[in-house]
There are 2 protein chains.
Amino acid sequence: MATIRDVSKLAGVSVATVSRVLNRSGYVHEETERKVLRAIKELSYTPNFVARSLSNKKTSTIGLMVPDITNPFFPELARAVEDVMQLYGYTTILGNSDESVEKEKQYVEVLKQRYIDGVILASTALTADEVHKFGVPVVVLDRALTSDTIPMVTSKNREGAREATRFLLAQGCRKIAHLRGPAQLLNADERCQGYLDIVEQTDWFHPGLVVAGNYEMKQATDATLALLKKYPDIDGIFAGNDMMAIGALRAAQILGISIPDKLAIVGYDGITMGEVVYPELTTMAQPIYDMGALAARMLIKMIEKQPLDTLYYELDVQLIERGTTRKV
Amino acid sequence: MATIRDVSKLAGVSVATVSRVLNRSGYVHEETERKVLRAIKELSYTPNFVARSLSNKKTSTIGLMVPDITNPFFPELARAVEDVMQLYGYTTILGNSDESVEKEKQYVEVLKQRYIDGVILASTALTADEVHKFGVPVVVLDRALTSDTIPMVTSKNREGAREATRFLLAQGCRKIAHLRGPAQLLNADERCQGYLDIVEQTDWFHPGLVVAGNYEMKQATDATLALLKKYPDIDGIFAGNDMMAIGALRAAQILGISIPDKLAIVGYDGITMGEVVYPELTTMAQPIYDMGALAARMLIKMIEKQPLDTLYYELDVQLIERGTTRKV
DNA sequence: AAATTATGTGTAACCGATTACGCATAATGG
DNA sequence: CCATTATGCGTAATCGGTTACACATAATTT
């Protein structure tokens, strides 16, 4: 591999000059530039990023931390982040935290040693304080922290949940249950709250209609089986995420309950898997790709010290009507 | 951030000595080591990887190139690679190639500038020659190249396809169709060939039973719809991958054909999505995680210049019987 | 006891870029 | 016409590590 010194020798100039044409910094005579460019081409020289990073303290590399890339919500997010990063000349390091605070911190330490320029934390379990300590630009995705200084991107969980529940009501459902997500997650709380906003005052509502879950399918299937056994007159389910909605669908199929005639189901997320089940899942879709892309753009702005006009984005969600609810 | 010079000053030794205790290279007096360690702790010093990489020409970073992380086959692979890499102190950069040879080459160039230590190419479209030109250690995953010098990890496609087809036959199927993958992919050819090995000599076989596909669900649904219209007596389908199998399942559901009674379906891959559809998909499962982990370990060996005992691994596949075929 | 070998440590070059600083010369202004 | 300012380029320090080499002393061999 040729170095900048090889180029400078061949072109008969100093390394400073070569660096100047490389970075379009400072004055370079047109003639000289041509010579340098010719030398670069001849040696098929390409600058060494590591060396550059050392003096720059900038690696054009960011870290993307997800709980588990295997969880169907995250590949699309990761794709968006990677697309945008690549567009701006950044490279993306992927890390799986398995929801463990320790693993997450450890990973960020590793990344900092490597002079990473910034980090996107998707669904982090960290507190705002811990994030502050990182000392590198951070954008938090999907999960909100209680902080007004850390940039975040989420969707309108509460409002989306309300809308989803209202939709079930409008479909003629008379008893709607909610499969909620893990207790420690803010977005699960918000979605549950949105559901409650709509149904709490109805005459049929009682707390037994809210059942705990962990955002996973298997558990949702079991929970729904139990739920439907206990309250056979439930005719609508709003699940805190799509995987749980699919779990509920599975339970209905096991029990031979016809979907959507006897039971309507609405999920939340809009993951691709919803289109794979049959009937296809009606869901309150988050703009997953947009959320990832937005977070990526925000992070780049922060890295390049441009001002952010908004610190906290709550993107709109959209109901996608499919087979698990009746057409009106 | 403290540097090695800060540490050396505080400990009253030279930077060389600090480096020696850091890397356990060369002789260091026990007493001196203690002093250095104390200084390191006091300054909470952590070595700068970028600087280290510059003199080492080793970044402990590898690239993982997938066609599209959004394609459900790859997250599990990525997870395996990342797990193993992390275990060995490596960091994984993720890249999506969208099956484009150009994008792939370009990405590798970017990675090389960054002194990446090696690359795992999952489902690459590159030729062996092009891969050779990279000049960094490469392991190819999932797709075989015609080369006996590039390390590869795949599964026993042909044998697996045979077994899957035999299984359908044993289930009592009398007319089995095959949804094959893209023409340019070797693994699609091999799976198709495995199917043919079993059925070509039967009295019912004719070439119309092999239909072209692109490994995607939507297309498979359409193709199956047409296929079943044309040949209503088909009672078994072996699909080249799980997504297409799910597409076929969808077609059957649309036509109201009962699965598995009237039509049995077997896929190939063993992706998680197969457990999400109903009935759950019977599939010839590749050990996806193991394949990723193995490729990662091979790459690390290559990077660390240890000999590989085998260049070409063809892992065993395993039939997972689920709802789209009858229990025997 | 002399010759080796093992142990312990420091100096300074090096990895390959960026850039502050200095010094020319050319162009422009008053 | 002299003072500025703009243009053009090179020298050498710097980023933060690693390591070849040199040198000293201690432990073993012969």
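Residue numbering restarts at 1 for every chain, and letters A, B, ... go by the order of the sequence lines.
Inter-residue side-chain proximity for B:Thr124 and B:Glu104 is flagged as met; some heavy-atom pair is nearer than 4.5 Å. Here the side chains of B:Asn48 and A:Gln113 are not in contact, with every heavy-atom distance at 4.5 Å or above.
The backbone N or O of A:Asp98 lies less than 3.5 Å from no partner atom in the side chain of A:Ser100, so there is not a single donor-acceptor pair.
The distance between atom CD of A:Glu33 and atom C1' of D:dC9, rounded to the nearest whole Å, is 14 Å. The separation between A:Lys58 atom NZ and C:dA17 atom C1' is 15 Å, rounded to whole Å. Computed from coordinates, the A:His29 NE2 to D:dA6 C1' distance equals 14 Å when rounded to whole Å.
Here B:Glu82 does not pair with B:Arg79 in a salt bridge; the nearest charged N to carboxylate O distance is not below 4.0 Å.
Contacts of A:Ser53 with the nucleic acid, taken as non-hydrogen atoms under 4.0 Å apart, are absent.
Under a cut-off of 6.0 angstrom, the local environment of CD in B:Gln306 is crowded, with over 12 non-hydrogen atoms contributed by other residues, nucleotides or ligands. B:Lys9 NZ: 12 or fewer foreign heavy atoms inside a 6.0 Å radius.
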Sub-3.5 Å pairs of nitrogen or oxygen atoms, protein against nucleotides 11-20 of chain D:
residue : atom : partner : partner atom : Å
D:dC15  : O3'  : A:Lys57 : NZ           : 3.0
D:dG16  : OP1  : A:Lys57 : NZ           : 2.9
D:dG16  : N2   : B:Ala51 : O            : 3.3
D:dG17  : OP1  : B:Tyr45 : OH           : 3.3
D:dG17  : OP1  : B:Asn48 : N            : 3.4
D:dG17  : OP2  : B:Ile4  : N            : 2.5
D:dG17  : O5'  : B:Tyr45 : OH           : 2.9
D:dG17  : O5'  : B:Asn48 : N            : 3.4
D:dG17  : N7   : B:Arg5  : NH2          : 2.6
D:dG17  : O6   : B:Arg5  : NH2          : 3.2
D:dT18  : OP1  : B:Asn23 : OD1          : 3.4
D:dT18  : OP1  : B:Asn23 : ND2          : 3.1
D:dT18  : OP1  : B:Arg52 : NE           : 2.8
D:dT18  : OP1  : B:Arg52 : NH2          : 3.4
D:dT18  : OP2  : B:Ser19 : OG           : 2.7
D:dT18  : OP2  : B:Asn23 : ND2          : 3.4
D:dT18  : O4'  : B:Ser55 : OG           : 3.0

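Of the side-chain N and O atoms in B:Tyr27, none sit less than 4.0 angstrom from OP1 or OP2 of C:dG8.
Taken over five-pair windows at either terminus, the axes of the helix from C:dA1-D:dT30 to C:dG30-D:dC1 are inclined to one another by 30° (rounded to 10 degrees).
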query: Is there a side chain to side chain donor-acceptor pair (under 3.5 Å) between B:Tyr289 and B:Asp83 once you walk through the steps?
result: CA-CA 10 Å; B:Tyr289 190 94; B:Asp83 282 355; 2.5 Å; yes

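Atom CE of A:Met152 sits about 13.0 Å away from atom OH of A:Tyr313, to the nearest 0.5 Å.
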